[in-house]
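The basis for the numbers below is simple: all heavy atoms, side chains too, and nothing from hydrogens, waters or symmetry mates.
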Amino acid sequence: MPYHNLKGHPSMQGHVASSFSCHSILNLISIHSIQQTVADERALIQQESAAIRASFREEDSFYRYNNVAKLLYIHMLGSPAHFGQIECLKLVASPRFSDKRLGYLGIMLLLDENQEVLTLVTNSLKNDMNHSNMYTVGLALCTFANIASEEMSRDLANEIEKLLGSSNTYIRKKACLLLFFLAIRLFIHLADHFVNKSKNLLTDRNHGVLLTAITLVSEMIQINPGFLDEFRNAVPLLVRNLKSLVTTGYSPEHDVSGITDPFLQVKVLRLLRILGKGDAQASETMNDILAQVATNTDSTKNVGNSILYETVLTVLEIEADTGLRVMAINILGKFLSNRDNNIRYVALNTLNKVVSMDTNAVQRHRNIILDCLRDGDISIRRRALELSYALIDEKNVRYLIRELLAFLEVADDEFKLGMTTQICLAAERFAPNKRWHIDTVLRVLKLAGNFVREEILSAFIRLVAHTPELQAYTASKLYLALKADISQESLTLAATWVIGEYSEVLLESGVISDDDQSLRITDKETVDLLVSTLDSPYANYLTRQFVLAAITKVSSRNTTSPAEQDRIAEILAQYTSALELELQQRAVEFASLFSLGELRVGVLERMPPPELKATIMGIVSENKPVGSTAHEADLMGGEDIISTSAPMTNGQPAVPAQSNQDILAEIFGSSAPTTSQPAPQQQQRSTVDDILGLFGSTDTTSSPAPSSLAMSSPTATAAASNPMSSLFSNSPSTYSPSPAQSPPVPPAAAPASAAPAASRLTTYTAYEKNDLKITLTPQTSAAKPGIVLIMAKFSVQGSSGASGINFQAAVPKSQQLQMLPMSNTNVEPGATETQQMRVVAPVGSAVRLRLRISYTIAGQAVQDQVDFSGFPAGLTAGGGS
């Protein structure tokens, strides 16, 4: 290790120059610097260490200082120096300040909290803590903070408490910092001893002491939230201190760019944020001073911006007034016009977190947020995009989508996948009409067709199939778009499918409009356009399969001439020997249809419109789903899930025909609980049934999925609210969602004959510990044996409520379980919260549950697991509850 690294050692900064005697180690350094090999260096160090040990044995106090200085340098070179520990203790016992300083430095470097020599150091520390020289006291406190053990902390606790009340501000500050380090080193069990002293330090007029005291209190609360109530009564004092800082005049000692002690102001604001969170009374006390800080702080300088930012975070965290929140969001909006990229980034990042609190206040800054999309900094563009997605609603969807499409033209490729997904989902959710929706997706396909997800393309095809009045319009637009550009894959696939499916609608008019210009279109031109994509350099195997299917469809329409039908048959014959196996197979199948005569027309008739369903996809490149909130993201397990509301059918959301279990399992991964859901069986006749009927097969019944052990939780089930709501359609009880959660589909009313009388319902106690009681009320129906609806009720019997309840359940492998979210995860005394479950079990089998409960009550976190089998036998037979 060369000598120049000595000054960079973190433990030696500020000590080496003043502690080491240059004459004592100059010879060692000069010799070390000329060594050629590691072996030479090691030999020199061993030689010098032997000389130092010999000098220590001679008890020569005159050379002790120089020898310890040499030894510390040897220690920093990585060689053993433990034999100098006792000599460091002798230096500490010296009356000279320079000897004490070097001795304590050696103790900090050569000792740790596991050394037995520490018992000898304790007495020296105690003596120096009572020294008349405040700098000697500071040395002792600094050393104790670095080597303290639990035993030493107990022995010297009284000395520390005494120093906290010292009349010397330097000593009070050092003692407060010592407590801070002890709290970090997890000696928090001693913190109760210093709570009152810490409160008293908050009244100190010295800025240094007050700064360290606030830091200490914040750390104590963070490590042990139970101290919150102890320090909440100090809020008026903190408010008074902050007001003094804001209203005081020029103070040369603490002035930074015209602002009095910004570091202390920031610390006070952070502590107020901790104390005001979740407490309306404390928040009310600090509302006025926060407004005063926000209006009187100079925002033209970076120091003022730091205070304003902390003020904004405090306002948004506490139970502040609505007007104060709007003012905080306006400050963030003002930050967006700052020339500093860091300030703009911080503002956008914060607005992304608070947009769900007050969307209207953020909407006022919509224009400047959109201006950030053209910023040169890619991180600012990314944050502005996320915020733009969250701002989209029914009122501004046209304007925001237009701006996002304009940015899509010039956006980097890494943004395009997320942008196309979010734009299409926003159009699906907030479209004013179907034509605007179709035009928007068409624009996306034209601009970034190579960055469109398969789910978005499928949703667009479903939309066209369900909009017969716009099929001709959509087909003509796609025809022109494909004719102009065949390089966009998703555009090619969409155009090929729509033209092939609705070619007769396109050819019936024979004329399409293109920028105030009419173009005539024939069946030959249509086939030429489709065939041209087969030989395109942009075509892949999927595109070719789509084209073969499209031209086969076109050949079956009555608008296609016999000549074009023969041409299509020749094209298919050419591809029956294609090298791509999948393409060859399709060509052979389609070519064989030409020999079926009239049957071919029936097989190739229009597909029935596919079933509408909610769009549920996995992670995208952006963090925030369209129109989502942070709370909804938490419900979805923290993943970036994009979902849109289910389409409406007769005023009610349409229920998907099949379960999204596989998709959800892929989204949540192995870390989230999975829910085994039986998909409702719906008998619908489709084109697949018609085709199978041609070959003498009509049995399309799918075998039931094998049952498995299912640990179910609200986090998993909330991700598929539409399928889950249909599972509970038999229950006459009403589900009450939490306020921040979107309500599920209202359950249908159960038939009167299936609803058992209330008198037959029996309640069973499943869990009763720590003042929390959970009861289960089963309900069955004779019309549907094997299905048991269970209502879980949560109540608190003590004086303190339970918060953060996470309730999970598991059933045996032969049974299946689904759960809805709790009505509220916080249960107040005297209140009752509910959660609904449904168990599907073999008729006659016993319903057994394994329950896992975690919650916080009276400041104590509890996690428990119980097995419940108290339901009566024969419950699944449907004979009663």
Side-chain angles (χ1 to χ4, degrees), residues 14-15 18 92-101 103-104 108 121-148 152-184 187 190-220 227 230-231 233-245 248-249 251-255 260-261 263-265 267-268 271:
H15 296 280
S18 59
V92 168
S94 170
R96 297 173 53 193
F97 178 78
S98 58
D99 288 349
K100 285 181 177 293
R101 181 166 55 185
Y104 277 128
M108 285 188 284
V121 181
T122 303
N123 191 50
S124 297
L125 289 174
K126 185 174 183 179
N127 291 334
D128 285 339
M129 284 181 183
N130 296 305
H131 202 278
S132 59
N133 187 335
M134 66 178 182
Y135 298 109
T136 301
V137 178
L139 282 177
L141 293 174
C142 183
T143 305
F144 183 46
N146 282 274
I147 65 172
M152 288 180 66
S153 300
R154 284 196 296 266
D155 293 340
L156 298 176
N158 293 331
E159 303 299 324
I160 300 171
E161 186 176 8
K162 186 188 304 181
L163 293 177
L164 286 174
S166 172
S167 59
N168 190 305
T169 56
Y170 176 83
I171 294 177
R172 291 202 305 274
K173 182 174 66 174
K174 285 287 186 179
C176 192
L177 283 175
L178 169 62
L179 283 181
F180 174 72
F181 282 108
L182 292 182
I184 292 178
F187 301 144
L190 296 173
D192 294 331
H193 194 63
F194 299 102
V195 169
N196 291 329
K197 288 290 184 180
S198 301
K199 287 182 183 179
N200 294 335
L201 288 175
L202 294 177
T203 63
D204 204 296
R205 294 188 177 184
N206 183 272
H207 286 212
V209 176
L210 187 57
L211 186 67
T212 53
I214 292 175
T215 305
L216 171 63
V217 170
S218 302
E219 185 69 19
M220 291 172 67
F227 290 142
E230 295 284 345
F231 290 105
N233 55 10
V235 169
L237 177 61
L238 293 171
V239 169
R240 193 160 55 247
N241 288 334
L242 183 58
K243 186 174 182 179
S244 175
L245 292 171
T248 188
S251 175
E253 185 180 0
H254 305 108
D255 182 82
T260 303
D261 206 341
F263 303 99
L264 181 56
Q265 289 192 45
K267 285 288 186 180
V268 173
L271 183 55

Task: Within 6.0 Å of NZ in Lys173, more than 12 heavy atoms from elsewhere - done: no
TODO: Let me know which of Thr215, Leu141, Ile160 forms a side-chain contact (heavy atoms from CB on, under 4.5 Å) with Leu179.
DONE: Ile160
- [ ] Check step by step if side chain to side chain contact (heavy atoms under 4.5 Å, CB included) holds for Met152 and Leu125.
- [x] CA-CA 10 Å; Met152 288 180 66; Leu125 289 174; 3.4 Å; yes
- [ ] Just say parallel, tilted or perpendicular for the rings of His207 and His254, cut-offs at 30° and 60°.
- [x] parallel
TODO: Can you measure from CG (Asn196) to CG (Leu164) and round to the nearest 0.5 angstrom?
DONE: 11.5 Å
Task: Reported CZ-to-OG distance for the pair Phe180 and Ser218, which is rounded to 0.5 angstrom - done: 9.0 Å
Task: Minimum heavy-atom distance Asn233-Glu230, with the two atoms named - done: OD1-O, 3.0 Å
Open item on the list: Ignoring hydrogens, what is the shortest heavy-atom contact between Thr260 and Gln265? Give both atom names and the distance.
Closed with: O-NE2, 2.8 Å
Task: pair Lys267-Leu210: side-chain heavy atoms closer than 4.5 Å - done: no
Task: From Asn146 atom CG to Tyr104 atom OH, the distance as rounded to the nearest 0.5 Å - done: 13.0 Å
Open item on the list: Applying the side-chain contact (heavy atoms from CB on, under 4.5 Å) criterion to Thr212, which one of Asn206, Leu201, Leu177 satisfies it?
Closed with: Leu177
Open item on the list: Is the shortest side-chain heavy-atom distance between Leu163 and Met129 below 4.5 Å?
Closed with: yes
- [ ] Apply side chain to side chain contact (heavy atoms under 4.5 Å, CB included) to Val217 and Leu202, showing your working.
- [x] CA-CA 9 Å; Val217 170; Leu202 294 177; 4.3 Å; yes
- [ ] Look at the side chain of Asp204 and the backbone N and O of Asn200, then say whether any donor-acceptor pair between them is shorter than 3.5 Å.
- [x] no
Task: From CE (Met220) to CZ (Phe227), nearest 0.5 Å - done: 4.5 Å
Open item on the list: Minimum heavy-atom separation for Leu216 and Cys176, please, with both atom names.
Closed with: CD2-SG, 3.8 Å
Task: Rounded distance [0.5 Å steps], OG1 in Thr122 versus CZ in Arg154 - done: 11.5 Å
Open item on the list: Counting only heavy atoms from other residues, nucleotides and ligands, does the tally under 6.0 Å from CZ of Phe97 exceed 12?
Closed with: yes
Task: Taking every non-hydrogen atom, the tightest pair across Asp128 and Ala140 - done: CB-CB, 3.8 Å
Open item on the list: Side chains of Val195 and Lys199, heavy atoms from C-beta outward: is any pair under 4.5 Å?
Closed with: yes
Task: Sub-4.5 Å side-chain heavy-atom contact between Tyr170 and Val137 - done: no
TODO: Answer with yes or no after comparing the ring centroid distance for Phe144 and Phe181 against a 6.0 Å cut-off, counting only values under it.
DONE: no
Task: Distance (rounded to the nearest 0.5 Å) between Leu178 CG and Leu156 CG - done: 9.0 Å
